[in-house]
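Worksheet for the structure shown next.
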Amino acid sequence: MRIYNTLTNRKEEFIPLTSGKVMMYACGVTVYDYCHIGHARSAIVFDVIRRYLKHKGFDVKYVRNFTDIDDKIINKAQQEGITWDAVAKKYTYEYYRDMDRLGVGRADVEPMATEYIGEMIDIVKGLIDKGYAYEVDGNVYFKVDKFSEYGKLSKRDKEEMIAGARVEVDERKKDPMDFALWKRSKEGEPSWDSPWGTGRPGWHIECTAMSIKHLGESFDIHGGGADLIFPHHENEIAQSEAFTGKPFARYWIHNGFITIDKEKMSKSLGNFFTIREVLDKFDPEVIRFFLLSTHYRSPIEFSDIQLHEAEISIDRYYTTIIRINDFPGTLMVSTSLEKGDKELREVSSNAEKTLETVLLSFRERFEDAMDDDFNTALALGHIFELIRDVNRFLDSKPYSLKAKELLSKAKGLLSEAGSVLNIFSRTPDEWYRSLMEIKKIGLSEKDISDKINQRQDARQKKDWAMADVIRKELEEKGIILEDKKDRTEWKVKVG
RNA sequence: GGCGGCGUACCCAAGUGGCUAAGGGAGAGGUCUGCAAAACCUUUAUGCAGCGGUUCAAAUCCGCUCGCCGCCUCCA
C-alpha cells in the first residue's frame with residue numbers, strides 16, 4: 001500500500017510502526033458554527049481511509065479531536081449571549097447530526113481540547129525546561145529558531161517567510177515567527193490556572209497533547225485539510241518533536257479543497273454551503289459519492305450538476321441491484337432449462353465464463369486502486385465496470401443455476417466494495433423512499449400503486465392512450481414507470 | 001516577492017514511460033418495448049494547454065511559454 005506523504009512530497013510504501021496496527025490522528029473541527037461541505041470532505045476522506053485500513057486487516061486506532069476553546073468560540077458566545085462551553089456543546093451536537101447522516105463513523109477516541117489542559121501544561125513546562133519556549137507576561141511562546149527542522153513539512157524557509165512580511169506583529173515575541181503555546185486570558189474570558197497565571201492553551205498544543213496521550217510519542221498517520229499544513233501541522237511537529245526528542249507522525253495526509261467557481265470555499269469569502277443546506281436537496285449518499293469521485297488530494301469543484309450526476313450514478317447501481325434481485329428463482333430456472341434449446345445454453349455458458357473471469361479479478365482491481373494512495377475515483381470506475389458486465393450478463397438471458405450463483409457473488413462483491421466507501425449500503429426501496437422525500441414528490445406509495453393499477457386495467461383493455469396519460473401524469477410528478485413481464489414497477493426520476 | 005499544485009473528449013474524471021488513453025454524465029444512431037423506462041451495442045480525444053528537448057518508446061521525464069488555483073493570516 002502506498003500513501004502520499006506531505007512530509008516527503010511523494011508516495012511511499014506504508015509500513016506501520018507496529019506490524020498489523022495503525023495509529024492515526026485527524027484534525028477535527030472547531031465547534032463554533034455549522035459545518036460546511038469542506039468539513040464533510042475531510043471527515044469523509046479520513047473515514048474512508050480508516051475503513052479501508054480495517055478492510056485490509058489492520059487493527060486501527062483512530063483519534064479525531066474537537067477544538068472546544070478558541071477565539072472564534074469566545075466571539076460566538078458573546079454574539080449569542082451564551083457561555084463559551086454552551087457554544088461548543090451546541091455545535092458538537094450539530095456536527096454529529098451532520099456527520100451521522102453522511103455516514104461518517106465515530107473515531108475510537110474523540111477528545112475535547114479542554115479535557116487535556118493538564119497534559120498541555122505539562123508539555124509547555126517541558127518545552128520551557130528544554131529551552132524551546134519562554135514566558136513573557138503570562139504568555140508562553142515556542143522559540144522557532146531553536147528547532148532547526150522548522151519548515152520541513154510545509155517546505156518553507158524561515159527567512160523567506162519573514163521576508164513575506166505577512167507575519168503577525170506581536171511585540172512580546174522575541175522573534176516574529178514564534179507562536180503561542182499558552183495565552184494569558186483577558187478579563188471575563190475562559191481561563192485555567194497555570195504556572196504562568198490564568199490563561200488558555202494556544203491552538204496547536206492540543207493536538208500534540210491528545211495525540212501523544214492516545215497514540216504515543218511517535219505514531220503512523222496524521223491528517224487534515226491541506227490548509228492545516230502551515231502553520232498548524234508545522235507547529236505541531238516543532239513542539240512535539242522538541243518535547244519528546246522523537247519523530248512525531250510518520251505519514252502526513254492532507255485532503256484538497258472544495259472550490260466554488262474555482263476558488264477555495266471558505267468562511268471568510270462567504271462562498272460556502274453548509275452540510276445541511278446540501279442535505280436538503282441531495283441524499284447523503286449522493287454527497288458522499290460525489291466527494292469520493294475525485295481523488296482526495298485534488299480540488300473538487302462543487303456544483304449541482306456534479307451532484308446530479310452522482311445521483312444518476314448511484315441510481316445506476318440500485319437499478320442493477322433490482323435487476324439482480326429480479327433474476328428468476330430456481331424453479332423458474334429449471335423450467336426454462338427444460339424448454340431451453342441447446343444454442344441458448346451455449347450462449348449462457350460463454351457469458352458465464354466472461355462474468356466469472358471479471359468477478360475473480362474484481363477484488364484485486366478494487367484493492368489495487370485503493371492501495372495506490374486511496375484512489376477512490378479509480379475504485380469507483382472498477383465498480384461501474386463490474387456493473388456494466390453484470391447488466392450485459394443479464395441481457396444474455398442466462399437461465400441456469402450457475403448464473404444465479406454468479407449474480408449473487410457479484411452482488412456480494414459490490415456490497416463489499418461499497419462498504420469500504422460506506423456507500424451502496426441500502427436496498428433499492430430505501431433509496432427510492434429517500435429520494436421521494438428529498439425531491440418532495442407529493443405522492444404516497446399508495447397513490448402510486450393506485451395509479452399503476454388503473455393503468456394496468458387500461459392496458460388490459462389495450463387502451464394505450466389512457467395508459468400513456470397515466471404514465472405521463474406520474475412522470476410529471478417525478479415518478480417513472482417500468483413495465484416488466486408480469487407487473488409494473490416505479491422509481492423516482494433522478495438527475 | 002517566496003513556495004507548491006493544476007491544465008486529459010461537450011461536461012466531470014482516472015491514468016505519471018510501453019498493449020486499442022478507465023469510468024460516469026450529455027449527444028447521435030440502433031436492439032428491446034403497445035409506447036416507454038431500464039439495460040445493452042455502435043459512435044464522440046490519431047490525441048492529453050502550447051512549443052521545444054531526452055528516449056527505441058512520453059499525456060506521463062526535462063526546459064520554456066500561456067492560463068487557472070492554493071499556501072505564506074483564522075481556515076477542512
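Chain letters run A, B, ... following the sequence lines, proteins first, then strands; residues in each count from 1.
In this structure, the ring of A:His222 has its center less than 6.0 angstrom from the ring center of A:Tyr25. A centroid separation of 6.0 Å or more is found between the aromatic rings of A:Phe179 and A:Tyr141. Aromatic ring centres of A:Tyr91 and A:Tyr32: separated by at least 6.0 Å. Here the two rings, on A:His254 and A:His233, have centers that are under 6.0 Å apart. Between A:Phe142 and A:His204, the ring centre distance reaches or exceeds 6.0 Å. Note: A:Phe66 and A:Tyr95 meet the aromatic proximity criterion, with ring centroids under 6.0 Å apart.
When the C1' atom is compared between B:rG5 and B:rC11, the two are found 23 Å apart, to the nearest whole Å. If you take atom P in B:rG53 and the same atom in B:rG15, they sit 29 Å apart, rounded to whole Å. The P atoms of B:rC10 and B:rG47 are separated by 13 Å, rounded to the nearest whole Å. Separation of the P atoms belonging to B:rC64 and B:rG2 is 14 Å when rounded to the nearest angstrom. To the nearest whole angstrom, the two P atoms, one in B:rC71 and one in B:rA76, are 12 Å apart. Rounded to whole Å, the separation between the P atoms of B:rG24 and B:rA39 comes to 10 Å. Across the C1' atoms, B:rG18 and B:rG1 are found 43 Å apart, a figure rounded to whole Å.
Projected onto RNA chain B by closest heavy-atom contact, A:Asp372 and A:Pro231 fall at different nucleotides, the more 5' of which corresponds to A:Asp372. Nearest-nucleotide assignment on RNA chain B puts the 5′-proximal partner with A:Tyr4, out of A:Asp389 and A:Tyr4.
With distances taken from any side-chain atom of A:Asp395 to the nucleotides B:rC40, B:rG2, B:rA76, the minimum falls on B:rC40. Side-chain atoms of A:Lys262 lie closest to B:rC68 of the nucleotides B:rG15, B:rG2, B:rC68. For A:Thr319, taking side-chain heavy atoms from C-beta onward, the closest of the listed nucleotides B:rC40, B:rA38, B:rA14 is B:rA38.
To the nearest angstrom, C1' of B:rA38 lies 16 Å from CH2 of A:Trp490. Going from atom CG of A:Leu269 over to atom P of B:rA76 covers 14 Å, rounded to whole Å. Rounded to a whole Å, the CG atom of A:Leu153 is 13 Å from the P atom of B:rC72. Rounded to whole angstrom, the span from the NZ atom of A:Lys397 across to the P atom of B:rA39 amounts to 15 Å. Atom CD1 in A:Ile305 sits about 12 Å away from atom P in B:rA13, given to the nearest Å. Atoms CG (A:Leu292) and P (B:rA76) sit 20 Å apart, rounded to a whole Å. The CZ-C1' distance, from A:Phe230 to B:rA76, rounds to 18 Å in whole Å. Spacing between atom CG of A:Leu378 and atom P of B:rA14 amounts to 10 Å, rounded to whole angstrom units.
Counting any heavy atom pair closer than 4.0 Å across all strands shown, A:Ile229 reaches no nucleic acid atom. Using a 4.0 Å heavy-atom criterion, one finds that A:Lys462 contacts no nucleic acid atom at all. Nucleic acid contact class of A:Gly225 (heavy atoms, under 4.0 Å, all strands): sugar-phosphate only. As judged by a 4.0 angstrom heavy-atom cut-off over every strand, A:Gly28 is placed among residues touching the sugar-phosphate backbone only.
Residues passing the salt bridge (Lys or Arg N to Asp or Glu O under 4.0 Å) test with A:Glu206: none are found, sequence neighbours excluded. With sequence neighbours left out, A:Phe257 forms a ring pair (Phe, Tyr, Trp, His ring centres under 6.0 Å) with no residue at all. Contacts of A:Tyr4 classified as ring pair (Phe, Tyr, Trp, His ring centres under 6.0 Å), with partners at least two apart in sequence or in another chain: none. Remark: A:Asp463 pairs with no residue by the side-chain hydrogen bond (donor to acceptor under 3.5 Å, both in side chains) rule, at least two apart or across chains.
For the OP1/OP2 pair of B:rC40 and a distance below 4.0 Å, the side-chain nitrogens and oxygens of A:Asn391 include at least one atom meeting the criterion. In this structure, A:Asn9 does not reach the B:rG4 phosphate: none of its side-chain N or O atoms is under 4.0 Å from OP1 or OP2.
Other residues, nucleotides and ligands contribute only 12 or fewer heavy atoms inside 6.0 Å of the CD1 atom of A:Ile305.
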Response to the item:
Read 5' to 3' with Watson-Crick or G-U pairs under 3.5 Å, [ ] for crossing pairs and | for partners on another strand, RNA chain B gives ((((((((.[[[..)..(....]]].(((((.......))))).....[[[[[..)....]]]]])))))))....
Worksheet item: Nucleotide by nucleotide, 5' to 3', does protein get under 4.0 Å of the base (B), only the sugar-phosphate (S), or neither (-) in nucleotides 23-37 of chain B, counting heavy atoms?
Response: SBS--------BBBB
